[in-house]
Amino acid sequence: MTPNAFLEHLNPEQLAAVTLPHQSALILAGAGSGKTRVLTTRIAYLIQTGQVSPAGVLAVTFTNKAAKEMLTRITSMLPINPRGMWVGTFHGLCNRLLRTHHREANLPQLFQILDSQDQLSVIKRLMKSLNIDDERFPPKQVSYFINNAKEQGLRANDVEVLDDISLQYRDIYAAYEQQCQREGVVDFAELLLRSYELLSRNEPLRAHYQARFKYILVDEFQDTSRFQYAWLKCIAGKDNAVFAVGDDDQSIYAFRGAHAGNMQTFLSEFAVSKVIKLEQNYRSQSNILDAANVLISHNRERLGKNLWTAEGTGEPIRVYCAGSDHDEAQFIVDEIRALANEGVAQSQIALLYRSNAQSRVLEHALFSAAIPYRVYGGLRFFERQEVKHALAYLRLIANPADDNALLRVINFPTRGVGSRTIEQVQEAAREQGITLWQAACQKGGNAPGKNIGSGKGVPAFVLLIEALRRDTAGLDLAEQVEHLLYASGLVAHYQASKTEADRVENLEELVNAARTFLNEYDGERTEEMPDTLTAFLTHAALEAGERQAGEGQEAVQLMTVHAAKGLEFHTVFISGMEEGLCPHEQSMFEQDGLEEERRLMYVAITRARKRLYLSYAQSRMLHGQVRYGVPSRFLNEIPEKLLKPINAPLKQAEAPAEWEAPRTLRVESESGQAWRIGQNVTHPKFGPGVIIQCRGRGPDAEVEVNFRQSGTKRLALQYAKLSPV
DNA sequence: GTACTCGTCATTTTT
DNA sequence: TGACGAGTAC
């Protein structure tokens with residue numbers, strides 16, 4: 001393929017972004033503006049034109065899914081081995097770095113990764129052994145404290161101590177650090193921190209990577225945390241080009257550390273002279289986009305951007321006022337039925353809500369109506385209890401020092417190792433400064449040391465693990481997993497259970513997962529990851545797998561607004577448009593909480609291609625109590641002209657004051673210039689803003705504009721020196 | 001070891 | 001309301 005072939009269908013802004021010379025740039029990519037396309041085409045273009053070799057490309061994404069998607073698209077454009085490129089999540093890339101340089105990073109090559117669950121159980125165990133009151137210091141808080149410190153790049157020694165409480169937190173952090181180091185395990189935050197320390201302290205290594213990665217591309221840049229930004233800055237150095245793609249209006253993860261302010265910082269620190277806005281939307285019709293534009297214009301903290309489409313106006317946004325949450329659900333069900341008659345595929349219909357608890361009523365109504373549906377959320381494959389048990393056996397085979405894995409399965413399935421016995425093993429390990437496995441072996445092998453426990457459980461366990469290690473030695477990964485499932489008694493345990501028999505299926509699925517993994521990765525064994533088993537365990541920790549939900553079949557899609565980011569549907573229902581729910585009341589306590597809620601709403605609206613429903617309920621069952629709701633303020637922020645109330649009036653009827661020119665969607669000034677709701681404009685005095693209302697015609701035509709700096713103003717077109725942006 | 005009760009709590013979530 | 005964790009009783 002010639003470079004021209006994949007540049008052909010790009011619009012001018014996309015083309016400019018794709019073909020940008022070697023310099024740092026910010027691409028403000030609105031919803032549905034072809035962001036992934038730009039990113040992947042740029043990589044393909046750079047390689048194809050010989051500006052960089054695959055090995056010189058570093059691309060960071062936020063999810064594994066996005067990384068995979070990017071690789072697939074690139075390899076479909078170019079016949080290259082993607083292995084040379086570094087494409088992955090921050091954590092995935094850090095893992096790769098640390099495996100390659102484990103010695104310099106002071107880690108065992110086969111270090112294991114703790115997911116959040118594992119981290120919490122390590123903390124609980126640690127606190128118990130230190131006799132720390134978990135009422136005064138809830139383990140969840142402790143993990144938050146540790147992750148937070150790491151996110152700021154702080155080791156336990158660096159944490160500022162203000163009082164006894166923070167002293168205690170710091171001490172736990174220090175003990176936790178030691179413990180992880182001893183066990184050869186690393187948590188998510190540690191992956192980042194450790195690799196940052198590695199690069200920042202090891203000058204030759206840093207120079208090596210800076211010389212290598214000429215082109216660094218970052219997806220979803222608005223979701224980077226402060227530390228991730230620092231990491232990028234470190235690896236980019238002075239001379240490399242960072243191509244950051246993001247949308248500040250879609251920043252909805254501040255609560256977990258995303259810092260959209262990185263965009264501004266990036267502009268100044270990387271001396272960015274090129275900001276390209278991708279504003280043409282290829283997804284939604286203009287009523288939907290205009291609503292989104294006007295809504296988001298109420299946010300003050302913006303870089304500014306306005307979506308437009310060539311797709312036509314489309315339908316008005318339907319607004320439904322329900323008496324109760326049940327009514328609301330019933331209304332949605334009825335509409336879905338009607339849509340089905342119109343031929344809309346069920347999988348093209350999404351029901352979005354702010355919080356998971358809201359899905360219950362909807363599910364109930366769908367179920368009663370026999371409409372198939374899929375709920376996204378809940379546990380993921382590698383987070384399931386039975387899968388984690390099986391993985392714990394694997395981890396023990398790979399690394400006997402993994403105390404956490406040992407504790408997970410020493411008595412599962414039960415083999416007569418009670419809590420007392422476990423305590424004795426822990427005590428023996430602590431006294432002698434050895435791992436739990438070593439302590440257990442003492443007991444098992446009748447080696448010198450205290451006699452632990454009274455039963456045969458511990459020796460049996462030791463023998464089992466040793467047998468597993470021996471018997472799986474010559475097998476491939478899938479066979480190892482399969483062998484372990486039966487030899488450990490896991491399968492037998494679940495088969496015998498009345499309530500948990502369905503877990504056997506997931507265990508069998510784990511064998512499939514291992515086989516798939518083997519097929520995909522085995523041919524690509526590299527020096528940085530020589531051990532297939534550890535590679536698989538890493539994969540399981542870093543990539544928790546699909547959210548459950550029956551794949552493939554036609555079904556209505558239910559999910560939170562957060563989960564819907566990046567997706568699109570023919571029809572979208574946004575339910576629960578009530579104050580307290582959307583915007584969520586909890587968000588009011590947060591810094592810039594309301595603006596984030598508005599962005600959330602913006603994301604939700606821009607998921608719809610053709611049809612959008614907003615519904616709210618006057619009463620709703622919440623926490624076992626009936627709550628009476630008021631329509632969300634966001635409804636009022638959307639121009640009435642774009643809305644079509646389905647039943648009740650949207651607002652309380654206002655006393656008709658003085659006569660007002662009828663509101664319209666568009667007006668023309670006498671010069672013939674057309675103005676429409678949602679349009680970006682600029683005024684010599686008030687600066688940039690967005691049109692939120694249009695009234696009248698001819699010489700009386702006027703518009704209401706929400707200016708970024710000076711708020712809402714009503715302007716007569718005849719006099720105002722307004723110009724389109 | 002399991003089955004039960006009681007009390008607590010209640011956004012959003014990826015790695 | 002209902003899910004989950006801790007603690008207790010058999």
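The sequence lines fix the lettering, A, B, ..., with proteins before strands; numbering per chain opens at 1. Atoms considered below: every heavy atom in the structure, side chains included; atoms not considered: hydrogens, waters and symmetry mates.
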Task: Test item: A/Asn411 side-chain N/O and A/Arg415 main-chain N/O as donor-acceptor pair under 3.5 Å - done: yes

TODO: Using the heavy-atom set of chain A and a strict 4.0 Å cut-off, write down the first and last nucleotide of DNA chain B that makes it in, 5' to 3'.
DONE: B/dG1 to B/dT15

Open item on the list: Heavy atoms only, 4.0 Å cut-off, all strands: where does A/Glu597 land among base, sugar-phosphate and nothing?
Closed with: base

Open item on the list: I'd like to know if the side chain of A/Arg354 reaches the main chain of A/Leu581, judged simply by a donor and an acceptor atom lying under 3.5 Å from each other, with no hydrogens or angles considered.
Closed with: no

TODO: Return the orientation label for the A/Tyr613 and A/Phe573 ring planes: parallel under 30°, perpendicular over 60°, tilted otherwise.
DONE: parallel

- [ ] Give A/Tyr253 one of three labels, base, sugar-phosphate or nothing, depending on what nucleic acid heavy atoms sit under 4.0 Å from its own.
- [x] sugar-phosphate

Open item on the list: Base, sugar-phosphate or nothing for A/Asp187? Non-hydrogen atoms, less than 4.0 Å.
Closed with: nothing

Task: B/dT11 versus C/dA6 - spacing of their C1' atoms, nearest Å - done: 25 Å

Task: Any donor-acceptor pair under 3.5 Å from A/Asn262 side chain to A/Ser225 backbone - done: yes

- [ ] Would you mind classifying the nucleic acid contact of A/Asp223 as base, sugar-phosphate or nothing, using non-hydrogen atoms under 4.0 angstrom?
- [x] nothing

Task: Which residue lies more 5' along DNA chain B, comparing A/Asn64 with A/Asn411 via nearest heavy atoms - done: A/Asn411

Task: Nucleotide-resolved protein contact map, nucleotides 3-9 of chain C, B/S/- at heavy-atom distance under 4.0 Å - done: S------

Open item on the list: If we count only N and O atoms by modelled type, under 3.5 Å, do the side chains of A/Arg99 and A/Thr534 hold a donor and an acceptor together?
Closed with: no

Task: Integer-rounded Å distance: C/dG2 P and A/Leu622 CG - done: 13 Å

Task: Positive for side chain to side chain contact (heavy atoms under 4.5 Å, CB included) with A/Pro139, one of A/Leu126, A/Leu120, A/Ile132 - done: A/Leu120

TODO: Under 4.0 Å between any heavy atoms, over every strand shown, what does A/Phe255 touch: base, sugar-phosphate, or nothing? Just pick one.
DONE: base

TODO: Name the orientation class of the two ring planes belonging to A/Phe90 and A/Trp231 (parallel below 30°, tilted from 30 to 60°, perpendicular beyond 60°).
DONE: perpendicular

Open item on the list: Students often mix this up, so state it plainly: with edges at 30° and 60°, are the rings of A/Tyr393 and A/Phe461 parallel, tilted or perpendicular?
Closed with: tilted

- [ ] Decide, for B/dT11, between syn and anti: a glycosidic angle within 90° of 0 counts as syn, anything else as anti.
- [x] syn

- [ ] Find which nucleotide of DNA chain B each of A/Ala541 and A/Arg415 is nearest to by heavy atoms, and output the residue with the more 5' nucleotide.
- [x] A/Arg415

TODO: Using the P atom on both, measure C/dC4 against B/dT13 and round to a whole Å.
DONE: 16 Å

Open item on the list: Angle between ring planes, A/Tyr253 versus A/Phe255, binned at 30° and 60°: parallel, tilted or perpendicular?
Closed with: tilted

